[in-house]
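Letters A, B, ... mirror the listed sequences (proteins, then strands); counts begin at 1. Values below: all heavy atoms of this structure, side chains included; hydrogens, waters and symmetry mates excluded.
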Amino acid sequence: MNGILTPNFLKYPNTNYLKKLPILIPTCTYTTTQFAETVPTSPLTSLQCGSMLQSLTNAKSYKLGQQLHSHMISCGTLRNNTYLSTKLSAFYAICGHMDQAKVIFDQIVLKNLFLWNSMIRGYSCNGFHVKSLVLYREMMSFGQKPDNFTYPFVQKACGDLGIVEIGRRVHCEVVVCGFESDVYVGNSLLAMYSKFGKMDMAKKVFDRMPERDLTSWNTMISGSVKNGDPREAFLVFGMMGKAGLVADSATLLGLLSAVADLAALEMGRAIHAYVVHNNLARFNSFLINSLIEMYCSCNSMVAARRFFEGETKKDTVSWNSLISGYSKNTDSLESLRLFCQMVSEGVRPDQVTLVSVLGACDQITALQFTISAHSYIIKQGFEANPMVGTSLIGTYSKCGNLVCSLMVFNEMPEKTLVSWSALLAGYGLHGKGREALSFFHDMIVNGITPDEGVFTSILTACSHAGLVGEGKEIFHSMKRTYNVQPGLAHYSCLVDLLGRAGHLDEAYELIKAMEVKPTGDIWTALLSACRLHRNVELAELSAQRVFEMNPRGVGSYICLSNLYAAEKRWDDVEKVRALVRRKGLKKPPGFSFIELDKVVHRFLVGDKSHKQKEDIYAKLKELRHRLEEFGYKSDTSSVLYDVEEEVKENMLWDHSERLAIAFALINTRSGTIIRITKNLRVCGDCHTVSKLISRLMCREIIMRDIRRFHHFKDGSCSCGDYW
DNA sequence: GTAGGGTTAG
């Protein structure tokens, strides 16, 4: 890994450099499967062709089908044979090769209903929903009436496109034609309404169905989960049992999603036992992966790992589930280790794997690993994938390197709104509001209409940089110019922007004037602004709202207690603390990460567990002494305990970010940039100390806290002390 | 000769 972090690459990144990097993550080799020559050279009769085509269709053997196709052309079997041409078109449609299916479809003069259906099905099942609907209309205009085979695909297309009005009209046609009582058509209606988010309509259809099969129940179960009602899923399952039906794999998949949403581990274990008892997972890799996912969602990583290790039928999704599971359960290091193991075992990662891995990198600010993963991405040809590219933009910026984010963005062949949003968010995170605004204007000039996500990013960027006028102007332009209704997230940004800049009353007025009910997040933004500007009265009012809406969020209690402490109202501090204790809440401990030679070190407050602890504390003592000579005086207002000043000062020198800085100073050459990530906000005194150290030791320090980046250089910080 | 429900990321 040494040599990767050359200052040159970080300042002037380029793709060619990445291509030349040694392979750090072992890459896998591939063997290609050769298709056996099974098609005979002597001409086949049309009867033989027909039955062969049928079996190839059933097996979806695309390559062999192509060979048969050319055989039929060269022997003239296909000429004037509508029956075989129809079968061939259906074959290509089944295999998902719609262009080839369409060429043959167009040549057939006498199109029967089967042919129309197979084309509509092909488009609908391969993601070409609009084409599927266009063809359906075309069929009607040719005077061909649809049947019970047509509607399921048309309804699927409507559901996937989310076009509620057209879906309803198709439903009416179904009723008029008398197909509503067909169980397949009925089930497709359930699925369509579930995709629309209209479970009330799905329920109406379900109740009216003269005949229901297992799929009907399964669709209702999975629909309830997808629409955010996992408890309802269990109720439906109960009724299904009373109706005398037995769960199959699809039922269990729905229930496992419900279990994951509710983190109902016991129920999950029971389903697992049922799966094992009935040997269901053997035939269904979806079930295996769902079980892994369920254990991860229940924060039960040991069980997830045990099950994963014991399974022989693992595929890419299994690895992905576990990798993202570790990352969600704050063990990103394990997530990265697992990725390396996956590659070394010859399992090919896909774009989902890479997005998860990059997510793990940004959680622990693993810049070196990100560069290594980027190199892998280029070599494996994932560079052009918009999702992977967007993740890279976000990860580089969260790892402190905006130049690399910009390079990735510039080289992306297809920039989505999410890519733009990630870029703006990155600049915002680093306090570069002006640059973010300039990119935002580039977007507009290029004719790209921003969406909700882009507005959230740009408003956040304005907020971090204190650009009050610009932020307000953008907020008001949302509806007026771009027809985007400001949502709760945008209000939250604006309250933060106003509040942080000290316009507390204006922020409060904005909340009061909101048409919808403000969320806990919005009140939290006002609360933290009140703490910053020491407005106790308004802070108490906001805190009350936050406590009502989000009683388990320990952050807001701490915030209020901090304000009281700053005002030296120790009785009130104790009252809040007692409340926290009564509720059984715990303040998360502060810790800092630093990556050194691909190893991530984690320091807790007052950590004495590191093997270099003596050197670290000696270095801190030396630093403190030299800073005091420099005229430094501790700002103990960040210490929220009613203790002696000297004790307070000592407590400050235990803060995790200082341990990490000392560790970096000991272990890196002079001139190396120090990159640190903290899980909470950096405290006022640590901010001052970091500025001073950057001057005293001639070291640039890039520190990411829970909200933003601070670049300390030559005694000052990029945030201009506005944070 | 065709059909509906099911896993990972964002």
Hey, can you tell me if A/F409 and A/W420 have their rings parallel, tilted or perpendicular (30° and 60° cut-offs)?
perpendicular
Is the ring pair A/Y151/A/F179 parallel, tilted or perpendicular, if the boundaries are 30 and 60 degrees?
tilted
From [options], nucleotide with atom closest to [X] side chain:
X      : options             : value
A/E293 : B/dA3, B/dG5, B/dT8 : B/dT8
A/T219 : B/dT8, B/dG5, B/dT2 : B/dG5
A/D350 : B/dG5, B/dG4, B/dT8 : B/dT8
A/S290 : B/dT7, B/dG5, B/dG1 : B/dT7
A/N320 : B/dG4, B/dG5, B/dT8 : B/dT8
A/S321 : B/dG5, B/dG4, B/dT8 : B/dT8

Mind listing the residues from residues 95-124 of chain A sitting with a heavy atom below 4.0 Å of DNA chain B? Number order is fine.
A/N112, A/F114, A/N117, A/R121
With a 4.0 Å heavy-atom cut-off, tell me which residues in residues 246-265 of chain A come close to DNA chain B, sorted by residue number.
A/D248, A/S249, A/A250, A/L253
Between [N] atom [atom2] and [X] atom [atom1], what is the distance in whole Å?
X      : N      : atom1 : atom2 : value
A/Y193 : B/dG4  : OH    : P     : 18 Å
A/Q155 : B/dA3  : CD    : P     : 15 Å
A/M387 : B/dA9  : CE    : P     : 11 Å
A/D362 : B/dA9  : CG    : P     : 15 Å
A/D182 : B/dG5  : CG    : P     : 14 Å
A/K415 : B/dG10 : NZ    : C1'   : 19 Å
A/Y92  : B/dG1  : OH    : C1'   : 18 Å
A/N289 : B/dA9  : CG    : C1'   : 14 Å

For A/I364 and A/L336: C-alpha separation, side-chain torsions, deciding distance, then whether side chain to side chain contact (heavy atoms under 4.5 Å, CB included) applies.
CA-CA 11 Å; A/I364 53 173; A/L336 298 183; 4.1 Å; yes
Listed pairs under 3.5 Å, donor-acceptor, residues 290-305 of chain A side chains, sequence neighbours left out:
residue	atom	partner	partner atom	Å
A/E293	OE2	A/S297	OG	3.3
A/Y295	OH	A/H272	ND1	2.8
A/S297	OG	A/E293	O	3.1
A/R305	NE	A/E309	OE2	2.6
A/R305	NH1	A/Y326	OH	3.0
A/R305	NH1	A/E334	OE2	3.1
A/R305	NH2	A/E309	OE2	3.4

For a quick check of understanding: with a heavy-atom distance under 4.0 Å over all strands, which category does [X] fall into, base, sugar-phosphate or nothing?
X      : value
A/T86  : base
A/V355 : sugar-phosphate
A/Y151 : nothing

Considering only NZ, NE, NH1 and NH2 on the basic side and carboxylate oxygens on the acidic side, decide whether A/K102 and A/D106 come within less than 4.0 Å.
yes
Going by the rule side-chain hydrogen bond (donor to acceptor under 3.5 Å, both in side chains), which residues pair with A/H171 if we only count those two or more places apart in sequence or in a different chain?
A/E180, A/Y193
By side-chain hydrogen bond (donor to acceptor under 3.5 Å, both in side chains) - contacts of A/S321 (at least two apart):
none
Is the distance from OP1 or OP2 of B/dA3 to the nearest side-chain N or O of A/K156 less than 4.0 Å?
no
Does A/R282 have any side-chain contact (heavy atoms from CB on, under 4.5 Å) partners at least two apart in sequence or in another chain, and if so, which?
A/N279
Does the side-chain ring of A/Y184 sit on the six-membered ring of the B/dA3 base, less than 5.5 Å centre to centre and under 30° in tilt?
yes
Compare the ring of A/F149 with the six-membered ring in the base of B/dT2 and state whether they stack (centres under 5.5 Å, planes under 30°).
yes
Just wondering, more than 12 heavy atoms not from A/K203 lying within 6.0 Å of its NZ?
no
Test side chain to side chain donor-acceptor pair (under 3.5 Å), reference A/N187, set A/T219, A/D213, A/T215, output is A/D213
